[in-house]
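What follows is a single structure, written as structure tokens, with notes after it.
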Amino acid sequence: MTDDRIKEHIKWEWEKFNIEILCTSKQNIFSKALEIVNKKFIYQVILNCPDKFNEKETAVICASDCVIDTIYSNIFLDENIKDSSSEKVMEELHRYAAR
């Protein structure tokens with residue numbers, strides 16, 4: 001399973017995102033419905049991922065405050081990438097952590 005430090009960090013990011021969503025208008029929530037669903041998918045994949053991360057990757061992930069947003073942007077907003085599989089999420093997370 002994922003390192004507990006990564007889990008705690010991702011939980012913090014998800015909680016921060018939820019608070020931001022709750023502070024917006026009902027219309028904005030509706031307009032962001034797909035984004036919310038996709039980010040929740042990313043969040044769940046990272047929490048349940050079987051991959052191991054080395055110490056450098058763990059440090060990069062835990063030092064960042066926009067992991068979910070970055071993975072979301074790379075997978076769902078890039079016109080060339082529409083694959084939303086858990087494998088794609090993990091591939092993007094490893095790419096992000098290796099930067």
Side-chain angles (χ1 to χ4, degrees):
M1 292 304 260
T2 303
D3 187 304
D4 285 339
R5 294 172 294 173
I6 294 174
K7 284 184 178 183
E8 289 305 311
H9 181 76
I10 294 301
K11 286 178 182 178
W12 170 80
E13 270 196 43
W14 182 248
E15 185 176 317
K16 186 177 91 169
F17 174 69
N18 278 317
I19 290 169
E20 290 170 2
I21 291 298
L22 291 174
C23 292
T24 190
S25 68
K26 201 180 280 188
Q27 291 83 4
N28 198 29
I29 292 172
F30 291 140
S31 70
K32 291 180 167 276
L34 187 57
E35 176 184 351
I36 294 166
V37 168
N38 289 332
K39 285 184 176 181
K40 185 172 185 176
F41 173 73
I42 293 167
Y43 165 75
Q44 291 172 332
V45 168
I46 295 171
L47 280 188
N48 299 314
C49 70
D51 290 29
K52 299 289 184 191
F53 296 90
N54 64 38
E55 199 56 40
K56 180 183 181 278
E57 290 175 323
T58 298
V60 168
I61 292 167
C62 292
S64 304
D65 65 349
C66 60
V67 176
I68 295 172
D69 287 336
T70 302
I71 303 302
Y72 169 76
S73 294
N74 290 347
I75 293 175
F76 294 100
L77 298 182
D78 186 333
E79 293 180 22
N80 298 321
I81 302 174
K82 295 297 180 195
D83 177 8
S84 61
S85 68
S86 56
E87 292 82 16
K88 184 64 181 173
V89 169
M90 292 311 300
E91 178 185 320
E92 287 298 321
L93 183 58
H94 277 286
R95 185 185 342 266
Y96 176 82
R99 61 189 173 109

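Just the heavy atoms: all of them, side chains too, but no hydrogens, waters or symmetry mates, feed the values below.
No side-chain donor-acceptor contact under 3.5 Å links Glu92 to the backbone of Val89. Judged by distance alone, the side chain of His9 and the main-chain N or O of Ala63 form no donor-acceptor pair under 3.5 Å.
Remark: Ser73 OG to Asn38 CG distance equals 11.0 Å, nearest 0.5 Å. Here Glu8 contributes atom CD and Cys62 contributes atom SG; the two are 9.5 Å apart, rounded to the nearest 0.5 Å. Note: Leu47 CG to Lys7 NZ = 6.5 Å, rounded to the nearest 0.5 Å. The CD1 atom of Ile29 sits 6.5 Å away from atom CD1 of Ile36, with the distance rounded to the nearest 0.5 Å. To the nearest 0.5 Å, atom CG of residue Asp69 and atom CG of residue Leu77 are 9.5 Å apart. Atoms CD1 and CG, on Ile61 and Leu93 in that order, are 4.0 Å from each other to the nearest 0.5 Å.
Summarising the geometry of Lys52 relative to His94, their closest heavy-atom pair is O-CE1, 3.6 Å, with the distance given to 0.1 Å. Met90 and Cys49 make their closest contact through SD-CB, 3.3 Å (heavy atoms, listed as atom of the first residue, atom of the second, distance).
Of the charged side-chain nitrogens involved, at least one lies within less than 4.0 Å of a carboxylate oxygen, so that Lys88 and Glu91 count as a salt-bridged pair.
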Phe53 vs Arg5, side-chain contact (heavy atoms from CB on, under 4.5 Å): CA-CA, chis, key distance, verdict: CA-CA 11 Å; Phe53 296 90; Arg5 294 172 294 173; over 6 Å; no

Worked verdict on Asn74 versus Arg95 for side-chain contact (heavy atoms from CB on, under 4.5 Å): CA-CA 10 Å; Asn74 290 347; Arg95 185 185 342 266; 5.8 Å; no

Audit row: Phe76, Ile71, side-chain contact (heavy atoms from CB on, under 4.5 Å) steps and yes/no: CA-CA 8 Å; Phe76 294 100; Ile71 303 302; over 6 Å; no

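By the neighbour-count criterion of 12 heavy atoms within 6.0 Å, atom CD of Glu20 is densely surrounded, having more than that number from other residues, nucleotides or ligands.
Test Lys16, Lys39, Lys32, Glu35 against Ile21 for side-chain contact (heavy atoms from CB on, under 4.5 Å) and you get one pass: Lys32.
Under the 4.5 Å side-chain heavy-atom criterion for Ile, Leu, Val, Met, Phe, Trp and Tyr, Ile6 and Trp12 are members of distinct hydrophobic clusters.
For Ser31, the side-chain contact (heavy atoms from CB on, under 4.5 Å) partners are Asn28, not counting sequence neighbours. Here Ser64 pairs with Val60, Val67, Tyr96, Arg99 under the side-chain contact (heavy atoms from CB on, under 4.5 Å) rule; sequence neighbours left out.
The ring-ring contact (aromatic ring centres under 6.0 Å, His included) contacts involving residues 19-43 comprise Trp14-Tyr43, where partners must be two or more places apart or lie in separate chains.
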